[in-house]
Amino acid sequence: MKNKILIFCLLLVSLIACSSDDNKNKNELQEELDITVENIKGTWLAVEYSDHSGSDFQPYQSIEKDDQYTFTFKSDLSFLNTSNSQCNGFYEVNQEDRKLILYFESGCSSETSVSTVAEITNDLMILIRSAGDEAVKIKYRKQ
């Protein structure tokens with residue numbers, strides 16, 4: 001009986017140890033990246049958002065499939081925007097200020113958009129856009 005209990009305990013400890021190693025490896029893969037053209041370029045799909053209310057952001061809400069859009073950031077510093085295909089343009093990144101600045105083509109409702117990069121990993125980017133007292137966090141997944 002003691003042997004069965006000992007074997008069970010050893011098995012349990014080994015499973016717990018493997019599980020924590022798996023979590024550690026996942027976290028290492030999701031290491032925060034610098035805000036550079038190299039790390040931002042690619043296609044990013046908007047999947048969730050969080051509105052600012054009072055002094056805190058609200059919990060994330062999913063963006064409905066029909067309302068999802070992408071930004072494709074290219075090496076030549078141009079971008080394509082599927083939320084409004086007529087409003088593409090050029091972008092700039094500022095590592096020091098953690099900013100992503102979009103310069104839209106003429107004829108768009110806005111000439112520029114400045115977002116703070118709250119987080120960026122290999123497959124996740126969170127941008128915060130502010131306008132006066134209002135702000136929104138948008139979570140993008142790399143495609």
Side-chain angles (χ1 to χ4, degrees), residues 4-143:
K4 287 182 181 180
I5 293 174
L6 180 62
I7 290 172
F8 177 75
C9 288
L10 288 174
L11 181 60
L12 185 61
V13 168
S14 68
L15 288 175
I16 292 170
C18 290
S19 175
S20 66
D21 286 346
D22 290 345
N23 290 338
K24 190 183 296 184
N25 288 338
K26 285 180 186 177
N27 290 337
E28 287 171 6
L29 292 176
Q30 297 303 312
E31 185 175 314
E32 181 81 16
L33 300 174
D34 289 334
I35 301 164
T36 64
V37 170
E38 189 62 34
N39 292 333
I40 287 180
K41 75 179 181 180
T43 300
W44 297 87
L45 174 68
V47 293
E48 294 180 82
Y49 73 97
S50 170
D51 288 323
H52 190 271
S53 176
S55 60
D56 295 321
F57 280 96
Q58 297 299 309
Y60 280 104
Q61 297 179 21
S62 294
I63 297 174
E64 298 287 330
K65 189 104 173 139
D66 292 342
D67 294 328
Q68 290 180 340
Y69 61 92
T70 63
F71 277 105
T72 299
F73 298 101
K74 298 182 176 186
S75 297
D76 67 358
L77 300 181
S78 65
F79 71 86
L80 304 173
N81 171 7
T82 64
S83 70
N84 186 342
S85 60
Q86 304 303 310
C87 289
N88 301 316
F90 293 91
Y91 71 99
E92 162 185 352
V93 294
N94 183 318
Q95 170 70 30
E96 186 176 316
D97 293 335
R98 300 188 61 82
K99 300 291 183 197
L100 173 63
I101 306 163
L102 305 180
Y103 300 98
F104 293 97
E105 295 171 340
S106 62
C108 296
S109 61
S110 178
E111 291 181 15
T112 61
S113 172
V114 180
S115 298
T116 300
V117 181
E119 182 179 340
I120 185 168
T121 65
N122 287 323
D123 65 351
L124 173 76
M125 179 168 58
I126 299 174
L127 299 180
I128 300 174
R129 285 194 248 170
S130 299
D133 292 340
E134 297 181 17
V136 64
K137 277 188 193 179
I138 304 172
K139 189 182 289 187
Y140 296 87
R141 294 269 179 221
K142 195 157 197 181
Q143 301 298 288

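The analysis underlying the following values was restricted to heavy atoms, covering all of them including side chains, and did not include hydrogens, waters or symmetry mates.
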Taking it one step at a time, do Lys99 and Thr116 satisfy side-chain contact (heavy atoms from CB on, under 4.5 Å)?
CA-CA 5 Å; Lys99 300 291 183 197; Thr116 300; 2.8 Å; yes
If you take all heavy atoms of Asn94 and Asp97, which pair is closest and at what distance?
OD1-N, 2.9 Å
Check the surroundings of atom [atom1] in [X]: do more than 12 heavy atoms from other residues, nucleotides or ligands lie under 6.0 Å from it?
{"X": "Glu134", "atom1": "CD", "result": "no"}
{"X": "Gln95", "atom1": "CD", "result": "yes"}
{"X": "Glu32", "atom1": "CD", "result": "yes"}

Per the side chain to side chain contact (heavy atoms under 4.5 Å, CB included) rule, which among Leu102, Thr82, Ile40, Leu80 passes with Phe71?
Leu102
Atom pair [atom1]/[atom2] of [X] and [Y] - distance to nearest 0.5 Å:
{"X": "Glu111", "Y": "Glu105", "atom1": "CD", "atom2": "CD", "value": "13.0 Å"}
{"X": "Asp123", "Y": "Trp44", "atom1": "CG", "atom2": "CH2", "value": "7.0 Å"}
{"X": "Phe90", "Y": "Asp76", "atom1": "CZ", "atom2": "CG", "value": "6.5 Å"}
{"X": "Ile128", "Y": "Ser50", "atom1": "CD1", "atom2": "OG", "value": "9.0 Å"}
{"X": "Ile126", "Y": "Thr121", "atom1": "CD1", "atom2": "OG1", "value": "8.5 Å"}
{"X": "Lys41", "Y": "Ser78", "atom1": "NZ", "atom2": "OG", "value": "11.5 Å"}

Can you check whether [X] reaches [Y] side chain to side chain, under 4.5 Å on heavy atoms?
{"X": "Val37", "Y": "Phe73", "value": "no"}
{"X": "Val93", "Y": "Leu100", "value": "yes"}
{"X": "Tyr103", "Y": "Phe79", "value": "no"}
{"X": "His52", "Y": "Val136", "value": "no"}
{"X": "Tyr49", "Y": "Phe57", "value": "no"}

Take Thr43 and Lys142, measure what side chain to side chain donor-acceptor pair (under 3.5 Å) needs, and give me the verdict at the end.
CA-CA 6 Å; Thr43 300; Lys142 195 157 197 181; over 6 Å; no
